[in-house]
Each structure stands twice: as structure tokens, then as C-alpha cells.
Amino acid sequence: MSEITSRYVPGEVEDKWYQHWKTKGYFHSVPDERESYSIVIPPPNVTGVLHMGHMLNNTVQDMLARKARLDGKNVCWVPGTDHASIATEAKVVKMLREKGIKKSDLSRDEFMSHAWEWKEKYGGIILNQLEKLGASCDWERTAFTMDKVRSESVIQAFCDLYEKGKLYRDYRMVNWDPEAQTVLSNEEVLYKEEKGKLYHLRYQIEGSKDEYITIATARPETIMGDSAIAVHPDDPRYLEMKGKKAIIPILNRSIPIIFDNYVEMDFGSGALKVTPAHDINDYEIGKRHSLETIDVLNANGTISDAGQILVGMDRFKARKAIIPMLEDIGHLIKTEDYEKNVGRSERTNSIVEPRLSLQWYVDMKSLAKPALDAVESDEVEFFPKNQKNLYRHWMENIRDWCVSRQLWWGHRIPAYYYKEDVYVDVSTEGAFAKAKKDHPNITMTDLKQEEDVLDTWCSSWLWPISCFHGFQSREELDYYYPTAVLVTGWDIIFLWVARMIMSGYEWEGKRPFKDVYFTGMVRDQQRRKMSKSLGNSPDALKLISDFGADGVRFGIMSSSPAGGDLLFDEKLCEQGRNFSNKIWNALRLVKGWEMADVDQPVENKLAINWITQKLNEVVQSVEDDFNQYRLSEATMTLYNFIWNDFCSWYLEMIKPPFGEGIDKESLESTIQLFENMMIILHPLMPFLTEEVYHLLDEREDGDDCIIAQYPSANEVDKDLIKGVAGIQSIIGKVREVRASKGLKQKEKLTLLVESKEEIEKIYSHPGAIQLVSKLAYLGEFKDTTNFPEEGVSFMADNRKFFVPLELEINVEEEIEKLTKEIKYAEGFLQSVAKKLSNERFVNNAPEQVVANEKKKQSDGQARLKILKESLLKLQA
RNA sequence: GAGGCAUUAGCUCAGUUGGUUUAGAGCGCUGCCUUGACAGGGCAGAGGUCACUGGUUCGAGUCCAGUAUGCCUCACCA
């Protein structure tokens, strides 16, 4: 035993086994005759580093993958990263700026080579970090959304959609990120209430001396873009304004006063300045009234030449600057505080600007139907179920997807323009050939390829197909597709779960995965989302080095039901570490036993039978939990079984007396059990279990826990389990007597039971008496009709027991205890009697239920009788 | 504004088609325990009228309606 340390030290163990698994190729999959179990990783950002959310997400995937592997399936977990257009481009631009290089000074190709350089250097750190967590990904298949296979897929998909008429180009109001200088989809804009101001400005009525109309605006810097003032047609205040015009202050340009139902009379002044180029609603009004659209902002958020004043100034500086100007000429009436819902770019956090521009769109309505049906019918099953509501709501109100992004880092849209014509093709040559048909005289240089790239999600939504080269060949796809499960956060249900399902039906006519497991958000103790800015996110790698990967995995899984938030606390990891240590020490104990040439004690036989049944029970329940993705329950089931049943009960049951050896059969059974226990725990705690598995026994090359055979769920002998539960309750009661009377373990007690018949009930499991005697530290255990005067009685398993004691008994205390128990028993009986005295219950309830109530009654009565007798005796 | 989800022990959560001894777990808490696998431990204990009000039912933590509180999604008013 001396060679095994008293504490489990995870560090070396983890590196050692991870390397071993990799070397042995256990993570690598090739199609064969076995059933496939494939998972594609939700690709993390190349710019990312491992955080709590990844740890949760990937621990779940690894647990599922390892379980499936143990079940004998051909597991293929494909890792990878996505290129994250906006985030990465922003990082690269920043890096270049620090080196004194401006993006605008670079050609597209030059920029791309810098970006690739950056990606090679920093991208993929996160994948290495996943190894520390124990992720059993098939690293030979590592994919990247911009590698050759994935790029081809994206381009092909684009062309295919175009051919099918599901793609179009349109001039629309979009969400513009002035910092990244690109369009954002609705899903990439985050809204939050922010403090702002509402400015009341007066516009003079044209042709009048001192007649004004006052509007309220949050964006005075856009007055240069005004093309009308709108009021509600029923607003009595403004009826006489019909046909009149107002003059924009400072600019002195006149604009019409129009009437539109959109305006709310009781907001602000009831008059709205209409700036069609800078507000989605104003744009709609502008269309209805054929107003001029004056774009007063540049792409970078500064005032454009069209603004005439403050040209070149940033939009927020301009807002500050224009206020005194308006004030000076007396046109600022008042300023009020105002809570405004402000949209910010998810990536750059800059305030999103509504902007009119020409973009590419996917017609989502044509794609949505099969994807909605699939989830409604559970062909794609959601865990937890309630996410279906969210999904349905979005799908039924779906909007077209703007897929173009004004960036360079990404897949350049394969659209080529010649004058007014558009040619879409996977290759420049193909597009040229198409163009040539219409315009026989054009040359290659006349054809201009679209400058924009595709939204990153255009890659992600193809992931389950593209990871298996589905756009290139069927070979692997037919084997691995559909994948088994997608594990992801509910926050990106629209960004990619929905779209993956759409693409699955669009190109494969089949679901991309059978199940979707939604993880919750990782939050801190105050339920705040973990974020960099709050600084409440623990360092993932430090956690692993502090508690071991297994400890962290345990901590994450033990408190994380599907869809439920994980309120993270280091204590959870500590619990995991302690659990590792507990198992470790159980190993030390078992390995410390010397085999002795003795017969197997009868209680050992009972103990082994019992723990075997308990294991059966656990295997069944864990199986069930996995099927329903109740992973945190599986975690707790394993924890309780190993800690309580195995360590606290079983090992104590069969532990040989100090200094003595153990019989061969018991030792071998125990090792066998221990081994099975490690296998079922392996998906949760892979490193520790592999280490223990190898320390338990000499293993041949290739006999590893990771690929061992998962124990089958045998039938459970419930009677035996119930019998031993009875034994345990007797032991518990004796311990309670000891604890309450301050008796030490060394003092052997005598335990009496009233009748022979009853003791025989206990005997009905051979070894029962011995077990009680051993674990309750009894000197004697016998039946008698004659209880001595001095001692304590208790009820266990509906029988009366008595521990004779020489010491002074606090009679009052005992009476109080008994009275309490009697009161409970009476209350219990009353509730049962109430049911049984109800005719309708007896007549209507199933026989089984009534019979059970009757048994409850007779048991309760028997118990009450004994308790009352004991009380009488004490009071005598 | 539209819709959804939740409310069970101090905290975080189970409680599967209504019935299995008047509710379970983990953590935390309290008491006792130092030579023996483990103090990163052992044994025992306390702690809940299942948010509230009605209803359906022989029977409700579980089903229905309403109320309150909290959370979320979508859409949004300058």
C-alpha cells in the first residue's frame, strides 16, 4: 500500500492517460460495421480561450461520447473552430494597428495573409485546452470553417440556393456596426435599456412669423437628414398644419408636415421628425409618403457630406455639438431624461446604426417549414422539451436572413457583376462562362466579384454535413449522418440550431441530428452571467490544475440539469476533488488487503450479493438518465452509490478485522465490482477511472477502461435490497443509541429482539445477523421474551429492539422521544384511516392501492402498540 | 405590447403516466469522533402547512383556473 499516496494527485495521471488514449487511437473513428455515434462540436471561435461555458458544453459532449464508446458504438466526435468573421477581423485589425499598419493601406490579399498568419499562431488554442478537460475528440478530423472542404461547402451551398431562387439581393434597412463597418443580423444585436435624453426641438412653420411645431427626438444629430415632420391624422393639435411646411433649424431647409397613423399622439410632443435614412420606421413612413432619403452618416458613423454641417464628426460628438447650436438660436425647448432600448453589436459593442444598403438575403420562409415540422413532431427531439416553444415562436415569425458582411475575413460571396447583371458560380471561370453567353465581348477583368463575405453562420449551419465532406462525397456522410446529438446553449437556438435543421433538410432531406441537448448558462452565485467585463469567470485551466479535470467535470455536471443554469461555485469542484480522493482511498484500502486462506464469511456473501444488486440498480438508472439526458442525475446517482453504498457500507461490511487477511472470493469479487464501478463512472471522470482501473489489476496491452465493456443492466433483486435496507436501519438505530448515550465503538453492545420468530425474519437472508453484529459492534445479538429493566429500546423495520445498558438512563428524555414517535404514528394512522373510511376511496381506487393502505394501517397499528407498551413500561 | 418558463429545506435542485408508510438529494448547518483507506474523513441529528386562492378527483407537490413574485424570448415609441 505504501506505494499509493494518501491523496489522489491528478496532474501527471491526466497527461499520462490522455497521451495513452491518443497514441492508441481510441478517439479516431473510421466507418465500419458498428453503429455510428457522431457528434459535431459547436465550433468555438478561433479567437476564443476556454471559458466556463465551453467546459460545460464539452464535458456534456465528452460524457455522451465516452458512454457511447463504452456501449460499443463507433464514436466520432469532430472538433473544430469557426472563423468568426467580425471578431477575428477586429482582432487582426487591432493587431495591425499596433504594428502601425492600417487596414485601408492593405490590399485584400495582403490583409488575408496577415489574418491567416494570426490564425495559425493564435487560433486553436482552445482546442488544446479541451484536451486538458479530457475531451475525446477525433483530432485527425479537426475542421475549420475556412479550410478547403468547409469553404467549398459554403460556396456550393450558396450557389445552390441561388439556383433554387432562395437567395436574393435587396436594398434594405439593416443593422450596421460602424466600428466593424459591416451589417449585422438581428440575432447579432443585443438590446439593453440605457439612459438617454429626449430633446424637444421647435421647427418654424414656413411662411409664419412665430408659429412653430415642436418635435421630440433622441437623435438631434440627424436633423440634417429630416425629410418630413409626421403627426397623427387624428391629433387635434396639429389639424391646422395640413399642407404646411416646417423649416429645419440651422439648415433652413423646408420639409412637409405629413399625417401618418404610425405616430403616437401621447409620446413626446406628438410630432415626429422623419429621417428615412436613419430609422427603420421612418424609412417605412418615407416609402408611404414618397419622401426623400438623405443619408447623413458615413459607414464609420461620422457625419457625411450630405449633412452639410459637422461633416466628418462622429455621430455622438455631433450630438453633443449640435445641442448648443440649437440652444443658441432658441430652438431647444427642453431636454428630458429618457430610458431608451439601445441595440449594440454583439461583437464590438458599438451602438448599431440603422442603415440602408444593398445586401444578400436568404429566403427563410421556404426553408422554415420542414425544420419547424421536424421539431414539432420530435423527429428532432429537444432536451429539455420546453425549448420547443421558443423555437416555434421564432420559426413562425421568421425573417429573411441577411448573409452578406462587409468584411474580408470570410468566404467571399461567389457573385459576379457585369453592369446590371449578376452571375453566381462556384468558380470565376464558371461565372465568366455564364456572363459570356449574355455578353459575348466581355473579358475576365470586366467581371467584378462581390466584395462582401458571407456571414459566419453560413458555415456553421452546414457543419453536420460539411464535417463529413457531404458536399464532396457520400462515403462518410452516409455512415455518420444524421449525427446523434447536438449539445449547445439555448442562447444560440436561432443563430444555429434552427439553421442547422433547415440546412439538414434542404440538402440532405434528413434531420442533422436526432437530439438537441440545451445546456444552461453558467452563472455566478448572484445569478449573473459569467463575463469578462464582470471578471466573475474563473480561470478554467487554473480550476483544472487545482481540482483535477475529473473534479471540475464532476463539479460542472453535478449541478447542471439540461437547460437549467449552472450557478457555479468552486465548492462544486472541490466536491469533485474530494470524490476523486474518496475513490482513491477506497482503492488503497482494497489494495492493502492481503489474501488469506480462509473461508468466505457468510456476511461477505450477503454483502457481495447486495452490492451487486445495488450496482444493477445503478446501471439501470444511469442508463435511463443517459437516454433522457439527465446527466446531472446520473452524476449524483453514481456519487451516492460509490460514496455511500460502496465505500460507507459495502467496504465496511467485508473489511477483514485489523491485521487479518481477506478470503480469495471476497477480494476477487470486490475487485471485479470496483472495476465495473470505474467503467460506469468513466464517462464522467475519465482520468481517475483509467488510473484506478489499471491499479486494480494487471492489464494486458489494450485493456483500457476507456474501451472496456459497459456492464449490462441485469434484473434487480428488489427483495434482497429491501432486506439489507432493514439491516441497515437496525444498524443505524444502534449507532444512534451509541451517539445519544456517548458510547464508544469499542464498547460492545448487546442487542435483544423480542421474539424468535422476528429474529428469524432477519435470518431470512443468511449473514444478516452477522452483518448487524459486525457493523453495529455487537457483543451479542439474541432473542428474549424477558427484557431487562435497564436499557434503551427502539423500533426498526417495525420491530422492537432493546439495548441493555448499565448506565443511568434519562427517563424523561426517553419518554419525550417515545411520545414524539407515538404522536407521529397516530397522525400517520389517522391519515390512513381517513382514506379507508371513505367509501368512495375503497370502491373506486385500484385494489392494489387499497391493499397497500390496509397494510400501512396494520403496520402502523402494530408499531403504535409496541411504542405504547414501551412508554407504559418506562412510566411504571 | 405578444408569448413562454418557473415558484418544493438556509442555498442549488430531483420528484418521470395523479396513489409505495403524512416529501428526496447534494451542499451548508449542529453534536460527537485523532492511532487502522480517506479530516479532501467517520457517525448521528436538526431543517419543508411543496408561493397564494379556488376548482377537478375517492385521492393533488403532480391536473385546471385565477392571484402574486421572479426569469426569459420576440417585437418595440421618436
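Below, chains carry the letters A, B, ... as their sequence lines are ordered, and counting in each starts from 1.
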Chemist: Atom CD1 in A:Ile398, atom CG in A:Leu372: separation rounded to 0.5 Å?
Modeler: 9.0 Å

Chemist: Expressed in angstrom and rounded to an integer, what is the separation of A:Asp565 atom CG from B:C11 atom P?
Modeler: 17 Å

Chemist: Report yes or no: is the cationic atom of A:Lys774 (NZ for Lys, CZ for Arg) under 6.0 Å from the centre of the six-membered ring of A:Tyr777, at an angle within 45° of the ring normal?
Modeler: no

Chemist: Mind checking the C1' distance from B:C63 to B:U56? Whole angstroms is fine.
Modeler: 8 Å

Chemist: Shorter than 3.5 Å, N or O on both sides, protein versus nucleotides 16-26 of chain B: list them out with atom names.
Modeler:
residue, atom, partner, partner atom, Å
B:U16, O2, A:Arg630, NH1, 2.9
B:U20, O4', A:Asn852, ND2, 3.3
B:U21, O4, A:Asp859, OD2, 2.5
B:U22, OP2, A:Tyr824, OH, 2.5
B:U22, O4, A:Tyr824, O, 2.5
B:U22, O4, A:Phe828, N, 3.2
B:G26, O3', A:Gln575, NE2, 3.3
B:G26, O2', A:Gln575, OE1, 3.4
B:G26, O2', A:Gln575, NE2, 2.8

Chemist: In whole Å, what is the span from the CD1 atom of A:Ile213 to the P atom of B:A78?
Modeler: 18 Å

Chemist: Is any side-chain heavy atom of A:Asp378 less than 4.5 Å from a side-chain heavy atom of A:Lys385?
Modeler: yes

Chemist: Please measure how far the P atom in B:G18 lies from the corresponding atom in B:C58, and state the result in whole Å.
Modeler: 15 Å

Chemist: Is any side-chain N or O of A:Trp643 closer than 4.0 Å to OP1 or OP2 of B:G42?
Modeler: yes

Chemist: Is there a Watson-Crick or G-U wobble partner for B:C13 with both distances under 3.5 Å, and which nucleotide is it?
Modeler: B:G24

Chemist: Sort out the partner of B:U35 for me: Watson-Crick or G-U wobble, both distances under 3.5 Å, none otherwise.
Modeler: none

Chemist: Would you name the heavy atoms of A:Met795 and A:Leu867 that are closest together and state the gap between them?
Modeler: CG-CD2, 3.6 Å

Chemist: For a quick test of reading the model: is some side-chain N or O of A:Asn389 closer than 4.0 Å to OP1 or OP2 of B:G3?
Modeler: no

Chemist: Answer with yes or no whether the side chains of A:Glu188 and A:Ser185 bring together a donor and an acceptor at under 3.5 Å.
Modeler: yes

Chemist: So, for A:Pro656 and A:Ile662, which heavy atoms are closest and what is the spacing to 0.1 Å?
Modeler: CG-CB, 4.1 Å

Chemist: Find the partner of B:A2: check Watson-Crick (N1-N3 plus N6-O4 or O6-N4) and G-U wobble (N1-O2, O6-N3) distances, both under 3.5 Å, and reply none if neither fits.
Modeler: B:U73

Chemist: Counting the atoms with a prime plus P, OP1 and OP2 as sugar-phosphate, which does A:Leu272 contact under 4.0 Å by heavy atoms, base, sugar-phosphate, or nothing?
Modeler: base

Chemist: Quick check on RNA chain B: between A:Arg840 and A:Asn386, whose nearest nucleotide comes earlier from the 5' end?
Modeler: A:Asn386

Chemist: With a 4.0 Å limit, can you tell me whether A:Arg7 has a side-chain N or O closer than that to the phosphate oxygens OP1/OP2 of B:G40?
Modeler: yes

Chemist: For nucleotides B:U20 and B:U62, find the distance between their P atoms and express it as a whole number of Å.
Modeler: 14 Å

Chemist: Describe, in one word, how the ring planes of A:Phe579 and A:Phe554 are oriented to each other, choosing from parallel (under 30°), tilted (30 to 60°) and perpendicular (over 60°).
Modeler: tilted

Chemist: Please pick, from B:A75, B:C74, B:A78, the nucleotide with the shortest atom-to-atom distance to any side-chain atom of A:His393.
Modeler: B:C74

Chemist: By nearest nucleotide on RNA chain B, pick out whichever of A:Trp593 and A:Gly742 is the more 5' one.
Modeler: A:Gly742

Chemist: Across the strands shown, which category fits A:Ser648 at heavy-atom distances under 4.0 angstrom: base, sugar-phosphate, nothing?
Modeler: sugar-phosphate

Chemist: Any ion pair linking A:Glu617 and A:Lys722 (charged N to carboxylate O, less than 4.0 Å)?
Modeler: no

Chemist: Are a donor atom and an acceptor atom from the side chains of A:Tyr8 and A:Glu691 found within less than 3.5 Å of each other?
Modeler: no

Chemist: Checking all strands, does A:Glu736 fall into the base, sugar-phosphate, or nothing category for heavy-atom contacts under 4.0 angstrom?
Modeler: sugar-phosphate

Chemist: Show the nearest heavy-atom pair for residues A:Leu572 and A:Ser558, with the distance to one decimal.
Modeler: CD2-OG, 3.9 Å

Chemist: Answer whether the closest heavy-atom distance between the side chains of A:Phe828 and A:Lys856 falls below 4.5 Å.
Modeler: yes

Chemist: In whole angstrom, give me the gap between the C1' atoms of B:G1 and B:G10.
Modeler: 39 Å

Chemist: What is the separation between atom NZ on A:Lys385 and atom P on B:A6, rounded to the nearest whole Å?
Modeler: 14 Å

Chemist: When the C1' atoms of B:U22 and B:U49 are compared, how many Å lie between them, rounded to an integer?
Modeler: 11 Å

Chemist: Calculate, to the nearest 0.5 Å, the distance between atoms CZ and CZ belonging to A:Arg7 and A:Arg588 respectively.
Modeler: 11.0 Å

Chemist: Let's see if you can work this out: which of B:G40, B:A78, B:G28 has an atom nearest to the side-chain heavy atoms of A:Asn581?
Modeler: B:G40

Chemist: So what does A:Glu652 hit on the nucleic acid, given a heavy-atom distance under 4.0 Å: a base, only sugar-phosphate, or nothing?
Modeler: base

Chemist: Output the rounded distance in Å from CZ (A:Phe579) to C1' (B:C27).
Modeler: 15 Å

Chemist: OP1, OP2 of B:A78 versus side-chain N and O of A:Ser269: anything below 4.0 Å?
Modeler: no

Chemist: In terms of side-chain heavy atoms of A:Ala586, which of B:A78, B:U73, B:A37 is nearest?
Modeler: B:A37

Chemist: When you compare B:A6 with B:A14, how far apart are their P atoms, in angstrom units rounded to a whole number?
Modeler: 10 Å

Chemist: Which one, B:A78, B:G15, B:C72, comes nearest to the side chain of A:Glu633?
Modeler: B:G15

Chemist: Mind calculating the distance between CG (A:Leu572) and C1' (B:G28) to the nearest angstrom?
Modeler: 12 Å

Chemist: Which nucleotide, if any, forms a Watson-Crick or G-U wobble pair with B:A78, using both distances under 3.5 Å?
Modeler: none

Chemist: Under 4.0 Å between any heavy atoms, over every strand shown, what does A:Ala216 touch: base, sugar-phosphate, or nothing? Just pick one.
Modeler: base

Chemist: Give the ring-plane orientation class for A:Tyr629 versus A:Phe383, where under 30° counts as parallel, over 60° as perpendicular and anything between as tilted.
Modeler: tilted

Chemist: When both hydrogen-bonding distances must be under 3.5 Å and the geometry is Watson-Crick or G-U wobble, what is B:C63 paired with, if anything?
Modeler: B:G55

Chemist: Can you measure from CD (A:Glu339) to NZ (A:Lys192) and round to the nearest 0.5 angstrom?
Modeler: 10.5 Å

Chemist: In residues 519-530 of chain A, which residues come under 4.0 Å of RNA chain B by heavy atom?
Modeler: A:Arg527

Chemist: Between B:A75 and B:G61, how far apart are the C1' atoms? Round to whole Å, please.
Modeler: 36 Å

Chemist: Scan A:Val590 against the nucleic acid and name what it touches under 4.0 Å (heavy atoms): base, sugar-phosphate only, or nothing.
Modeler: nothing

Chemist: Would you mind reading off the distance between A:Glu747 atom CD and B:C33 atom C1', rounded to a whole angstrom?
Modeler: 13 Å

Chemist: Below the 4.0 Å mark, does B:G42 have OP1 or OP2 next to a side-chain nitrogen or oxygen of A:Lys582?
Modeler: yes

Chemist: Could you tell me how far apart A:Leu566 (CG) and B:U12 (P) are, to the nearest whole angstrom?
Modeler: 13 Å

Chemist: Would you mind classifying the nucleic acid contact of A:Arg735 as base, sugar-phosphate or nothing, using non-hydrogen atoms under 4.0 angstrom?
Modeler: sugar-phosphate

Chemist: State the pairing partner of B:G45; accept Watson-Crick or G-U wobble contacts with both distances under 3.5 Å, and report none otherwise.
Modeler: B:C29

Chemist: For A:Asp279 and B:A78, give me the distance from atom CG to atom C1', rounded to whole Å.
Modeler: 7 Å

Chemist: Rounding to an integer number of angstrom, what distance separates B:A44 and B:U8 when you compare their C1' atoms?
Modeler: 26 Å

Chemist: If you only use heavy atoms from C-beta on, which nucleotide in B:A37, B:U73, B:A78 is closest to the side chain of A:Phe494?
Modeler: B:U73

